[in-house]
Amino acid sequence: MPKIQFPEGFHWGTATASYQIEGAWDQDGKGESIWDRFCHTPGHIKKGQTGDAACDHYHRFREDVALMKELNQTSYRFSLSWPRIQPDGRGAINQKGLDFYGALVDELLQAGIRPFVTLYHWDLPQALEDAGGWPERDLAGRFSDYAEIVARALGDRVKHWMLFNEPKIFTVMGYLVGIHAPGRKDRDSFLRATHTVNRATGRAFAAMKAIDAGFEISNAFNMSPCAPLSDSAEDAAATTRWDAFVNRWFLDPALHGRYPDAFPAGLPAEAMGIRDGDLEEMRAPLDFVGINLYTRTLVKAVEDGNLNAADGSPGGGPDGPRTEFGSEVWPDALHDQILAVHRDYDAPIIEVTENGCSYGDGPDANGVVNDTRRIEFYRDFLAGVARAIEAGARVRGYHAWSLMDNFEWAKGYEQRFGLVWCDFESGRRIPKASAHWYAEAAARNGFEL
Ligand code: FCB
């Protein structure tokens with residue numbers, strides 16, 4: 001028996017997102033998304049790259065599912081492009097878009113792989129951004145309508161859903177910092193966007209459950225365990241605020257119907273546009289907690305008047321080695337965060353919805369990609385997951401980010417997160433050494449350390 005053993009039925013999966021892999025950005029009736037617009041506008045993306053063609057998964061999805069099967073995968077987390085399904089984000093449905101996802105789901109089921117579907121991984125229909133985007137209250141209703149369309153079309157075959165991928169990242173990066181689509185930089189727009197997303201979670205959750213009470217629904221939350229940079233009382237208080245914002249701002253509204261204490265001056269309710277009844281609307285008894293995690297966070301107090309008077313290190317701490325994305329490799333981070341969620345939220349079912357690393361290792365003269373650092377990364381993080389399970393956490397599955405190298409948002413194609421190498425010119429896929437390692441671990445439901 002392998003030394004590190006997972007419970008029977010544990011899901012071994014990979015994750016992707018529509019804009020990052022599909023390509024076919026304007027085919028078969030798809031509408032424009034904010035990422036299409038953002039990438040087509042010069043100056044936003046490294047080397048001016050776009051997701052126009054990406055991995056051409058739209059045309060190669062059968063080959064990709066065959067690859068997952070070869071790699072012994074039992075779960076596949078992917079996202080739906082809203083404008084492929086509803087080109088303007090309201091009204092008319094594009095049947096060809098729904099047919100594409102229906103065919104993908106059928107292919108997965110035939111291969112014995114669980115379809116694990118995200119409704120929103122950041123590619124908002126541009127028409128909805130033109131109408132105000134996420135800061136606009138109305139979007140919660142539009143999103144809920146879209147969720148109903150999807151649930152009716154795919155719900156006979158798909159039972160496990162995430163509404164939003166990383167609500168904090170897309171609201172911060174898209175509306176506060178402006179380095180992701182739609183590229184806005186406005187504090188109040190950002191605050192209002194977070195509130196719309198929380199209301200949209202509550203509404204879409206209820207709308208989908210009304211269609212099938214057996215659906216299991218959550219979000220994929222980006223999380224990171226936070227520790228103070230020093231032992232000062234200020235840094236300790238800042239850490240509590242930072243943790244409230246990073247790890248709980250989108251979880252507490254759903255599970256508890258309230259916002260956590262993230263700001264020294266209290267909840268900016270007016271700037272957020274909170275109205276009577278909103279807190280009730282946000283509630284959603286999520287069926288599991290999805291965790292996306294890349295590294296840990298060290299926090300210090302700051303006095304420069306940023307939102308919560310705290311600053312968390314985005315790339316982790318100074319002690320571990322770094323991936324080529326710049327983040328510290330800190331395997332305990334996932335273990336610690338799983339146990340924190342287990343402890344603080346009444347032992348929910350947990351799915352690791354993303355975890356992974358960027359290294360540029362490419363094919364050698366024999367076409368072999370020997371990415372040993374990635375093998376070590378997965379081995380050590382997964383060992384941490386196993387320890388958390390031993391300590392009582394109810395972790396049901398793990399999804400490596402990503403199945404294959406893909407379009408990494410503002411960084412373009414330079415950052416390679418895949419288990420499978422993708423040659424973006426020819427479209428050729430080559431499973432890396434890490435893919436073979438992961439396939440073997442999946443087959444044995446564990447591995448030797
Ligand atoms: C996460 C995103 C995912 C990918 C990884 C590297 O924040 O959800 O799309 O870009 O980071």
Side-chain angles (χ1 to χ4, degrees), residues 13-23 33-35 38-39 44-46 49-51 54-55 57 76-82 116-124 162-177 179-181 197 218-224 246-247 249-250 289-297 312-316 322-330 333-334 337 351-360 371 373-374 377-378 381 398-420 422 424 434:
T14 59
T16 63
S18 49
Y19 188 74
Q20 293 179 277
I21 64 163
E22 285 178 3
S33 80
I34 55 174
W35 272 95
F38 193 68
C39 294
H44 288 147
I45 311 295
K46 201 151 189 203
Q49 292 172 328
T50 74
C55 308
H57 172 77
Y76 175 48
R77 173 173 178 245
F78 62 98
S79 81
L80 311 177
S81 157
W82 185 350
F116 194 28
V117 176
T118 312
L119 270 68
Y120 186 84
H121 200 127
W122 309 353
D123 38 2
L124 184 72
M162 288 133 292
L163 302 172
F164 290 103
N165 178 67
E166 300 193 344
K168 193 208 82 182
I169 295 291
F170 80 80
T171 50
V172 167
M173 302 289 257
Y175 291 94
L176 181 66
V177 185
I179 62 175
H180 279 183
V197 170
S218 186
N219 284 325
F221 298 98
N222 57 288
M223 293 187 157
S224 178
V246 171
N247 295 319
W249 193 254
F250 296 90
V289 174
I291 301 181
N292 287 9
L293 185 142
Y294 288 86
T295 190
R296 64 171 173 163
T297 304
S313 55
R322 302 211 161 253
T323 69
E324 285 175 22
F325 201 59
S327 47
E328 184 195 24
V329 179
W330 197 258
L334 185 53
Q337 190 58 36
E351 297 253 10
V352 178
T353 36
E354 281 182 29
N355 177 225
C357 50
S358 167
Y359 294 113
D371 57 338
R373 291 171 297 177
R374 183 173 284 103
F377 181 99
Y378 282 123
F381 276 77
Y398 177 92
H399 300 78
W401 182 273
S402 176
L403 171 66
M404 58 190 156
D405 299 333
N406 57 46
F407 178 77
E408 180 45 44
W409 310 113
K411 306 272 190 216
Y413 292 98
E414 207 173 85
Q415 296 292 330
R416 291 181 175 266
F417 276 90
L419 288 166
V420 174
C422 185
F424 297 108
S434 58

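Start at 1 and go down the list; that is how both ligands and their atoms are numbered. Heavy-atom basis, side chains included; hydrogens, waters and symmetry copies ignored.
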Inset, instruction - Output the list of atoms in ligand 1 that are nearer than 4.0 Å to some heavy atom of W409, sorted by atom number. - result: 3 (C), 4 (C), 9 (O), 10 (O)
Legend entry - Closest contact, heavy atoms only, S81 versus E22: CB-OE1, 4.1 Å
Inset, instruction - Name the closest protein heavy atom to atom 1 (C) of ligand 1, giving the residue it belongs to and the distance to 0.1 Å. - result: E354 OE1, 3.2 Å
Legend entry - Subset of ligand 1 atoms that lie under 4.0 Å from at least one heavy atom of Q20: 3 (C), 4 (C), 9 (O), 10 (O)
Inset, instruction - Fit a plane to each ring of Y378 and Y398, take the angle between them on a 0 to 90° scale, and name the class: parallel (under 30°), tilted (30 to 60°) or perpendicular (over 60°). - result: perpendicular
Inset, instruction - Classify the side-chain pair S327/T295 by whether it contains a donor and acceptor separated by less than 3.5 Å. - result: no
Legend entry - Minimal non-hydrogen separation, I34 against A181, with atom names: O-CB, 3.5 Å
Inset, instruction - Kindly assign one of parallel, tilted or perpendicular to the pair F164 and Y120, based on the angle between their ring planes and the thresholds 30° and 60°. - result: perpendicular
Legend entry - Sub-4.0 Å heavy-atom contact, Q415 with ligand 1: no
Inset, instruction - Decide salt bridge (charged side-chain N to carboxylate O under 4.0 Å, His left out) for E354 and R77; before the verdict, give the C-alpha distance in whole Å, the side-chain angles of both, and the deciding distance to 0.1 Å. - result: CA-CA 9 Å; E354 281 182 29; R77 173 173 178 245; 3.0 Å; yes
Legend entry - For atom 5 (C) of ligand 1, closest protein heavy-atom neighbour: Y294 OH, 3.3 Å
Inset, instruction - With N292 as reference, evaluate N355, N165, N222 under the side-chain hydrogen bond (donor to acceptor under 3.5 Å, both in side chains) test and give the passing residue. - result: N165
Legend entry - Ligand-residue contact atoms, ligand 1 with N165, heavy atoms, under 4.0 Å: 8 (O)
Inset, instruction - For atom 7 (O) of ligand 1, find the nearest protein heavy atom and state the residue, atom name and distance (0.1 Å precision). - result: E166 OE1, 2.5 Å
Legend entry - E408: numbered ligand 1 atoms lying under 4.0 Å from its heavy atoms: 4 (C), 6 (C), 10 (O)
Legend entry - Which of the ligand 1 atoms, numbered from 1, are nearer than 4.0 Å to a heavy atom of F417: 6 (C)
